[in-house]
Trainee: 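Sharing a structure below in structure tokens format, with a few things to ask.
Owing to the predicted nature of the structure, the values given are computational and were not obtained by experimental measurement. Only this structure's heavy atoms are used, side chains among them; waters, hydrogens and symmetry mates stay out. Just follow the structure's listing: the first ligand is 1, and inside any ligand the first atom is 1. Residues: numbered from 1 along the sequence shown.
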Amino acid sequence: MLKIVPTTPYTDQKMGTAGLRRKSKVVTQPNYIENFLQSIFNTIGDLSGHTYIVGGDGRFYNDVAIQKFIKMAAANGIHKLIIGQNGLLSTPASSNLILKNKTDGGFVFSASHNPGGKNGDFGVKYATASGGQAPSSISDKIYQNTLNITEYKIMDVSDIDLSKIGTQKLGNMIIEIIDPVTEYVEMMQNIFDFSAIKKLFAGGFTMRYDAMNAVTGPYALRIFEEILGAPKGSVVNYHPLPDFGGLHPDPNLVYAKDLVDIMYSDNAPDFGAANDGDGDRNMILGKKFFVTPSDSLAVITDNYALIPAYKNGIYGVAKSAATSTAVCRVAQSKNLPCYAVPTGWKYFVNLMDSKRITFCGEESFGTGSSHIREKDGIWAVLFWLNIIAATGQSVEEITLEHWKKYGRSYYMRFDFEGINTDIADKLMSNLEHKLPSLIGQTFSEYTISQAAPFVYNDPVDNSSTKNGLVIDFTKGEKITFRLSGTGSSGATLRVYIERLDYHNFYDNPQQTLKGLFDIAMEIAEITKYTGKIEADVNT
Ligand code: G1P
Ligand code: ZN
């Protein structure tokens with residue numbers, strides 16, 4: 001039954017910010033996924049006695065890739081796989097299962113918030129025993145392996161039935177099919193005050209949760225409607241579909257348009273939320289009100305004492321460097337450390353493992369805590385519901401009170417998409433080159449105080465990572481430039497802009513940041529390099 005198949009390398013299997021992510025058309029080429037998986041197995045080495053968690057977000061090719069994975073795992077001598085029923089698992093649920101079962105790692109077939117389907121994207125997230133995605137030291141080795149691969153091992157058997165819960169065997173390998181939802185729900189019940197949230201809904205509180213036809217549907221139905229008693233119909237788009245029903249499963253103001261329209265209408269429910277394809281991102285909305293992810297992290301940190309699992313204290317917090325400084329002002333007032341790390345969840349993992357932080361987040365709609373080693377969309381939604389239940393305030397009241405206490409960081413991200421990779425690299429190196437000469441210069445009302453690449457020295461493993469270029473101004477304004485590491489074709493330049501205001505809380509962010517945006521365009525010579533006079537996506 002064991003087959004050894006000769007193969008030739010693909011040269012594009014380097015993992016980015018969050019695993020391997022490519023166009024479906026690329027991933028479905030002969031031996032593409034096999035090469036990549038075998039390279040991971042080769043890098044790990046001796047697999048005997050190893051157990052892995054396996055699932056995916058239900059997108060196109062999830063079913064095919066997971067069958068290949070199972071047959072290759074058995075052929076490579078893996079001891080046991082724990083698989084979500086029908087091949088489904090959200091990224092946070094997978095991280096929980098890795099930690100709870102102390103497995104050697106896990107695999108989630110997902111391209112996260114990227115569109116799915118034949119013309120969409122596919123991906124593989126590989127997590128180690130830490131419960132978090134493989135660090136660069138490991139992903140670099142895997143990449144080297146993909147460049148030298150000559151064969152892969154696979155069992156020549158028919159497909160495995162993933163629909164029935166229970167245990168079966170393939171050769172010597174044990175396959176355990178589990179309900180993907182149960183253990184995740186138990187974890188949430190141990191963190192939050194479910195009875196307070198239940199009372200909130202019993203009192204008439206209304207919510208709309210959009211699962212965007214992706215993996216969180218079954219989790220959300222069980223938690224919000226069945227257990228917490230949110231009215232039937234509160235959870236929408238809850239069937240995971242291979243093409244996400246044509247939706248782009250990224251919870252932001254642009255792609256979660258239906259939800260946003262409803263939340264900004266006159267009969268909006270009290271609370272709105274959405275998660276992404278694999279369930280690790282979140283968006284929080286109130287009635288005609290949007291909470292930026294940077295503010296959400298700050299509000300969560302300020303209110304930790306309201307949550308049963310955190311009420312005895314938290315270690316500290318961390319944000320990606322590109323995320324606004326709002327959370328650090330909260331940390332400072334509470335005498336907690338606040339770390340800034342490169343973009344990508346894996347940088348938070350060391351800080352969690354060494355008990356330096358409890359909460360962390362990114363501007364890109366990712367928020368989480370040390371309950372697992374990934375960001376967690378439903379966790380963030382429950383955190384807000386718990387704050388609302390405990391304070392009796394609306395989303396807007398909670399946020400406004402927060403701004404009055406800590407000031408408001410007006411913050412936006414501007415994405416310039418589909419840039420030729422060489423041109424994007426030239427733009428960045430040109431900018432980096434001129435950073436030193438910018439210090440002390442004044443552009444309209446803003447004077448530059450600092451201009452340098454962001455370099456992170458990990459306090460745990462002493463590794464050093466460079467990520468993006470940062471320009472600081474004398475009154476706390478900040479512009480950060482970096483290239484995306486998750487695209488599946490071409491380059492995306494991200495420009496992150498922040499400006500702090502202690503008095504005006506209801507200005508239009510885009511207008512407030514316009515002056516700084518113009519400076520970013522000028523300094524980085526964006527039009528000269530890209531031909532673009534404005535960003536493609538503003539969030
Ligand atoms: C993007 C986000 C980043 C996030 C990653 C995975 O990466 O910016 O915060 O960790 O997706 O969800 P980027 O494309 O910017 O490299
Ligand atoms: Zn995701």
Trainee: List ligand 1 atoms under 4.0 Å from Arg413, heavy atoms only on the residue side.
Mentor: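 Those qualifying, in numeric order: 8 (O).
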
Trainee: Just which atoms of ligand 1 are under 4.0 Å from any heavy atom in Thr343?
Mentor: 3 (C), 8 (O), 9 (O)

Trainee: Enumerate the protein N/O/S atoms at a distance below 2.8 Å from the Zn ion (ligand 2), ignoring waters.
Mentor: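 Those protein N, O or S atoms (cut-off: under 2.8 Å from the Zn ion (ligand 2)) are Ser112 OG, Asp276 OD2, Asp278 OD1, Asp280 OD1.
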
Trainee: Which label fits Tyr347 and Tyr456: parallel for a plane angle under 30°, tilted from 30 to 60°, or perpendicular past 60°?
Mentor: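 Plane angle over 60°, so perpendicular.
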
Trainee: Assign the ring pair Phe122 / Phe109 to parallel, tilted or perpendicular, where the plane angle (0 to 90°) is split at 30° and 60°.
Mentor: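 Parallel: the ring planes of Phe122 and Phe109 meet at under 30°.
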
Trainee: For Thr367 and Asn282, does a side-chain donor sit closer than 3.5 Å to a side-chain acceptor?
Mentor: yes

Trainee: Quick one: nearest non-hydrogen protein atom to atom 7 (O) of ligand 1, plus distance?
Mentor: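 Checked against all protein heavy atoms, atom 7 (O) of ligand 1 sits closest to Thr486 CG2, 3.4 Å.
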
Trainee: Given Glu362, Lys125, Arg482, which has its nearest heavy atom closest to atom 4 (C) of ligand 1?
Mentor: Glu362

Trainee: At what distance, to the nearest 0.5 angstrom, does CD1 of Ile53 lie from CD1 of Ile98?
Mentor: 6.0 Å

Trainee: Heavy-atom contacts with Lys375 under 4.0 Å: which atoms of ligand 1 show up? List them by number with element.
Mentor: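 In order of number, 4 (C), 6 (C), 10 (O), 12 (O).
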
Trainee: Does Arg329 reach the main-chain N or O of Tyr406 with its side chain, forming a donor-acceptor pair under 3.5 Å?
Mentor: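 Such a contact is found between Arg329 side chain and Tyr406 backbone.
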
Trainee: Picking from Lys319, Lys375, Arg413, what satisfies salt bridge (charged side-chain N to carboxylate O under 4.0 Å, His left out) with Glu362?
Mentor: Lys375

Trainee: Taking N or O atoms only and a 3.5 Å limit, does Thr17 qualify as a polar contact for ligand 1?
Mentor: yes

Trainee: Would one find an N or O of Ser484, backbone or side chain, under 3.5 Å from an N or O of ligand 1?
Mentor: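 Yes: some nitrogen or oxygen of Ser484 is under 3.5 Å from one in ligand 1.
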
Trainee: Just checking, any donor-acceptor pair under 3.5 angstrom between side chains of Tyr209 and Thr216?
Mentor: yes

Trainee: May I ask you to check whether Asp278 and Ser112 show a side-chain donor-acceptor distance below 3.5 Å?
Mentor: yes

Trainee: Do Trp403 and Asp295 have a side chain donor and acceptor closer than 3.5 Å?
Mentor: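 Looking only at side-chain atoms, Asp295 and Trp403 do form a donor-acceptor pair, the distance falling under 3.5 Å.
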
Trainee: Does the ring center of Phe359 lie less than 6.0 Å from the ring center of Phe383?
Mentor: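 Ring centroids of Phe359 and Phe383 are less than 6.0 Å from each other.
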
Trainee: Hey, which atoms in ligand 1 end up nearer than 4.0 Å to a heavy atom of Arg494?
Mentor: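 Going through ligand 1 atom by atom, the ones under 4.0 Å from Arg494 are 8 (O), 13 (P), 14 (O), 15 (O).
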
Trainee: Gly485 heavy atoms, cut-off 4.0 Å: which ligand 1 atoms fall inside?
Mentor: 13 (P), 14 (O), 16 (O)

Trainee: Measure the distance from atom 9 (O) of ligand 1 to every protein heavy atom, then report the residue, atom name and distance (to 0.1 Å) of the closest one.
Mentor: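 Of the protein heavy atoms, Ser364 OG, 2.6 Å lies nearest.
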
Trainee: To the nearest 0.1 Å, how far is atom 1 (C) of ligand 1 from its closest protein heavy atom, and which atom is that?
Mentor: Arg281 NH2, 3.6 Å

Trainee: Looking only at the side chains, is there a donor atom on one of Glu525 and Asn430 sitting less than 3.5 Å from an acceptor on the other?
Mentor: yes

